[in-house]
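Here is the structure we will look at, set down as structure tokens.
Protein chains get the first letters and strands the later ones, always in sequence-line order, with residue 1 at the start of each.
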Amino acid sequence: MTQYRSDLIQTLTARGFLHQCTNLEALDAKATSGVVTAYVGYDATADSLHIGNLVSIMMLRWLQKTGHRPITLMGGGTTKIGDPSGRDETRVLQDDATINARIASLQTAFGRYLAYGTGKTDALMVNNADWLDGLQYIPFLRDIGRHFTINRMLTMDSVKLRLEREQPLTFLEFNYMILQGYDFVELYRRFGCTLQLGGSDQWGNIIQGVDLGRRVVDAELFGFTCPLITTSSGAKMGKTAAGAVWLKAERFSPYDYYQFWRNTEDGDVGRFLKLFTDLPLEEIARLEKLEGAEINDAKKVLALEATTLLHGAEAAKDAAETARKTFEQGGIGDDLPTVEISATELKTGIPAWSLFQRAGLAESNGEARRLIRGGGAKVNDQKCDDENVMVTADAVVDGVIKLSAGKKRHAIVKLT
RNA sequence: GGAGGGAUGGCCGAGCGGUCAAUGGCAGCAGACUGUAAAUCUGCCGACUUAUGUCUACGAAGGUUCGAAUCCUUCUCCCUCCA
């Protein structure tokens, strides 16, 4: 492997973050000689970040750890346009209020990974609505628009794919890459930002910014992308039973988050440890050597470390403990999802199917019935094969009833 | 502006008057095997206290018919060709 001089590039490459870079040698040299300011843009497409955003956040984290300054750019302006990259359809347009509420909600997650402040390497939070909202059409076209050729834009993947698939691409969306390019230049002007990080799908957009920088401000800007993270079986990461893996605790509990990492496929453990934890590479190398059932230990480390980063040591430990109790001892952990049922209601008895639905283990009563018929349901670890059986106060053990759907999904019913 | 074609369940995609809650594939859930892994095999996969029952659903609204995802009319959106 090539040796790089800067801690930054050394770390990013060794940990598997590098996919493409516009000029790696020059960036390496620059990172050796001083503080590099770099940014990643996040559009407010939801009120929480998800696992797909995590790789880029980890890149910013390493950037800061190796003595540079990260900027998290909130797409208050660009969200109003909608990035066509990787999409067959136009995104639904959101109004200002929604976008601003989402941005506010996103910001908390970043604080877990980056240290914000006013110091030399403290992270900055910036919103591109600050400069995009006030743009004037004609001056913008003349100053910035003239540097973009349609010829070039048509060759961009995001555009090309849409056209090839005969899906409509609106003029609004067509402008997205211009605005993202302009963001880069604006961040250079305001903060001396010379590097944009992002996922490999952002390469085209990033390149536009780099080109624009050379033309408009005569500066060499750098682009650096990380690979799109998929599991070794090729599935896109971040999809689970419950949908996307969100970073917000209200949408995806620390326990679920822990379990998500705990269930990593064997072949991904080493790669994920490098990308999603702070563990030193020597330690990871040791864990990677584990084979067979022992690799579960590596998965536990991965789960604990990743959860600690996002939700804190306390919550991570609780999640790990709950998982240990639930899976290794067949007991009940405190972090399991809980439903409260009144004691009087239980006295008369509740049908099993209804209980599973209310505990969130099935989305509808019908699904709960199917679960029970299929033999996947357990009450207090006893197989429940009659959907109509009444669960009464007799089932209460130590004040709770434990429900299981399959081997991995559990919930507890508490009396009130 | 003119002429054609299309819109089906989370996605892809059959069906073209009854037997259609709608073939198939993907995704998902459960079971078996395991290591809370992968692969494989099996079952399930609109809702309703489950019922040879009811309701909702094949872009939207009307209509024809004993009966419509399927036929007709209007509307909306998309695609292709011509101008």
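Using a 4.5 Å cut-off on side-chain heavy atoms (C-beta onward), Phe356(A) and Leu371(A) make contact.
For the P atoms, the distance linking G6(B) with G28(B) amounts to 33 Å, nearest Å. Atom P of G13(B) sits at a distance of 25 Å from the matching atom of U76(B), rounded to the whole Å. The separation of A14(B) from G67(B), taken at their P atoms, amounts to 30 Å, rounded to a whole angstrom. Spacing between G59(B) and C79(B) at atom C1', rounded to whole Å, works out to 15 Å. Atom C1' of G4(B) sits at a distance of 30 Å from the matching atom of A57(B), rounded to the whole Å. Going from the P atom of U56(B) to that of C48(B) covers 15 Å, rounded to whole Å. One C1' atom belongs to A69(B), the other to A7(B), and the distance between them is 12 Å to the nearest Å. Taking the C1' atoms as reference points, G24(B) lies 14 Å from U8(B), given to the whole Å.
For G35(B), the OP1/OP2 oxygens have no side-chain nitrogen or oxygen of Arg262(A) closer than 4.0 Å. At the phosphate of U49(B), OP1 or OP2 sits under 4.0 Å from a side-chain N or O atom of Asn365(A). Phosphate proximity of G46(B) to Ser364(A): absent, as no side-chain N or O sits under 4.0 Å from OP1 or OP2. An OP1 or OP2 oxygen of G35(B) is reached within less than 4.0 angstrom by no side-chain nitrogen or oxygen of Lys408(A).
Listed nucleotides: C44(B), G35(B), A38(B). Nearest to the side chain of Glu265(A): A38(B). You'll find that the side chain of Arg369(A) is closest to U49(B), out of U49(B), G35(B), A30(B). Nearest to the side-chain atoms of Arg409(A) among the listed nucleotides C29(B), U49(B), A37(B) stands C29(B). Relative to the side chain of Ala323(A), the nucleotides G35(B), U36(B), A30(B) differ in distance, and U36(B) lies closest. Of all nucleotides listed (G35(B), U49(B), U36(B)), G35(B) comes nearest to the side chain of Ala293(A). Proximity note for Arg370(A) (side chain, C-beta onward) versus U36(B), U49(B), C45(B): the nearest is C45(B).
Distance CD (Gln259(A)) to P (U36(B)): 11 Å, rounded to an integer number of Å. Between the NZ atom of Lys407(A) and the P atom of C33(B) there is a distance of 8 Å, rounded to whole Å. When rounded to the nearest whole Å, the span between CH2 of Trp353(A) and C1' of C29(B) equals 20 Å. One interatomic measurement links the two molecules: CH2 of Trp261(A) to C1' of A37(B), which rounds to 15 Å at whole-angstrom precision. Rounded to an integer number of Å, the gap from CD of Glu363(A) to P of A30(B) is 12 Å. Atom C1' of nucleotide C29(B) and atom CD of Glu387(A) are separated by 16 Å, given to the nearest angstrom. A straight line from CD1 of Ile372(A) to P of A30(B) spans 14 Å, rounded to a whole angstrom. For the pair Phe260(A) CZ and A37(B) C1', the computed distance is 14 Å after rounding to whole Å.
Ring centroids of Tyr116(A) and Phe110(A) are separated by 6.0 Å or more, keeping the two rings apart. Between Trp261(A) and Phe276(A), the distance separating the two ring centers is shorter than 6.0 angstrom.
With hydrogens and angles left out, the side chain of Glu328(A) and the base of U36(B) share no donor-acceptor pair within 3.5 Å.
For Asp334(A) and Thr322(A), the side-chain atoms include no donor-acceptor pair closer than 3.5 Å.
In this structure, Arg373(A) and Ala320(A) both approach RNA chain B, and ranking their closest nucleotides by distance from the 5' end singles out Ala320(A). Where Pro351(A) and Glu291(A) meet RNA chain B, the nucleotide closest to each residue was compared, and Glu291(A) sits on the side nearer the 5' end.
Using a 4.0 Å heavy-atom cutoff across all strands shown, Thr326(A) reaches no nucleic acid atom at all. Contact annotation for Gly366(A): base contact, defined as any heavy-atom pair under 4.0 Å involving a base atom.
Pairing partner, A38(B): none, since no Watson-Crick or wobble contact has both distances short of 3.5 Å. Pair assignment for G4(B) gives C79(B), based on Watson-Crick or G-U wobble hydrogen-bonding distances that are each under 3.5 Å. Under the Watson-Crick and G-U wobble criteria, each requiring two contacts below 3.5 Å, nucleotide G46(B) is paired to C55(B). For A27(B), there is no paired base (Watson-Crick or G-U wobble, both distances below 3.5 Å). The partner of G18(B), taking Watson-Crick or G-U wobble pairs whose two distances both stay under 3.5 Å, is C66(B). When Watson-Crick and G-U wobble pairs are counted only if both distances are under 3.5 Å, A60(B) pairs with U74(B).
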Test ring-ring contact (aromatic ring centres under 6.0 Å, His included) applied to Phe191(A) and Tyr39(A), step by step: CA-CA 10 Å; Phe191(A) 308 104; Tyr39(A) 92 97; over 10 Å; no
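For the pair Arg61(A) and Asp278(A), the salt-bridge criterion is met [side-chain N within less than 4.0 Å of a carboxylate O]. Under a 4.0 Å N-O distance rule, the pair Arg69(A)/Asp122(A) does not qualify as a salt bridge.
Here Leu18(A) contributes atom CG and Met59(A) contributes atom CE; the two are 9.5 Å apart, rounded to the nearest 0.5 Å.
Because its glycosidic torsion is more than 90° from 0, A32(B) is reported here as anti.
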